[in-house]
Amino acid sequence: VIEHSLRTLSARHDLHGFTSGDKSLDGFLRNEARKSQAAGKSQTHVWEAPDGETVLAYFTLMPTSVEASEVGRVGRRYRDEDAHPAVLIAKLALCEALRNQGIGSTLILDVLGKIVEAGDLIGGRFIIVDARNDKVFALYEGWDFTPVSGGYRLWMKTETARAALALSVDTGAISAVPARGA
Amino acid sequence: MIGIQRLKTSAPGTDTGGAVGLLTLDSSKSARVSRAGRKWGAGVATFIAGERFMGKARRRAASRSTKRFVVVVPRSDLMKMTASVEADPAPRLRELAKARRAAEA
């Protein structure tokens, strides 16, 4: 795992040095992420290099809702609700130099960790992502997201992420399951 | 109670013939199969298999070729079934998280 700290995007971060290989993702980080954050639309979090400025990866989260029909049988549990509170993974990018090394899997763990943490504060039943293409779609499927039929949208229950990450409900802190008697 | 599972087999002897249903065994020793929101009483499904099927279901759950199963068992064996087959909805994610924790330890 590359050495990094997970931080909320701030003025000290050098956004122009970040290149993911996808112009739209780079452009969003450089030109829109801070504005969107200031406007209260989304929050962008970055993997900050030890120098405190270089951005190695970023992801943007925003509140959303998902139609009950999109999440199938799981949604029917809440029969009286037409839509469910959710968190959208709006953007996610890793710098080009770190790609194809399995580091994206570590990044998604941080993404889900943040979402679970947010869920402890404000709720949020589902995690939603709108994949941009087949490759991204396959990537999220590989991370156990469930596709909504007939589109590029995928979802996961926040509780599933919490359980997979072994995050405690009370504190949101990452904790290994203690051995018996420990 | 055996967890809620999805039938993904057309094992001989089933009149559900590979249909998807949910089976819940409750403390009253009865089995309920629900499909598309309908509740069916015990006896709608023809119960088959036993440990052999449970083994298969466990393997499939482990490989996540399907998420859920109906475990169809002989009615006479209902109370003998103690194993639970609960497929993990996010096995790969769990492995990733586990590997990360190990790396950080």
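Predicted model, so just to flag it, every value in this text is computed and none were measured. Only this structure's heavy atoms are used, side chains among them; waters, hydrogens and symmetry mates stay out. Order of the sequence lines sets the chain letters (A, B, ...), proteins ahead of strands, with each chain counted from 1.
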* Structure fact -> Closest non-hydrogen atoms of B:Arg100 and A:Asp110, given as atom of the first, atom of the second and distance, are NH1-OD1, 2.7 Å
* **B:Glu95 side, atom CD; A:Asp144 side, atom CG - distance, nearest 0.5 Å** => 10.5 Å
* Asked: Which one, A:Ala161, A:Gly102, A:Ala163, leads in non-hydrogen pairs under 4.5 Å with chain B?
  -> A:Ala163
* If two hydrophobic side chains count as joined below 4.5 Å and joins carry through other members, does A:Val46 share a cluster with A:Met62? -> no
* Identify the heavy atoms of B:Ala97 and A:Ala164 that sit nearest to each other, and give their distance. => CB-O, 3.5 Å
* **Shared hydrophobic cluster, A:Leu139 / A:Val111 (ILVMFWY, side-chain heavy atoms < 4.5 Å)** => yes
* **Shared hydrophobic cluster, A:Leu9 / A:Ile115 (ILVMFWY, side-chain heavy atoms < 4.5 Å)** => no
* Over 12 foreign heavy atoms within 6.0 Å of CG, A:Asp14 -> yes
* Structure fact -> Heavy-atom nearest pair, A:Leu112 first then B:Leu93, reads CD1-CD2, 3.3 Å
* Asked: Got a sec: does the CG of A:Asp51 have more than 12 other heavy atoms crowding it under 6.0 Å?
  -> yes
* Report yes or no: does B:Arg94 contribute a side-chain atom to a donor-acceptor pair with the main-chain N or O of A:Ala166 at less than 3.5 Å? => no
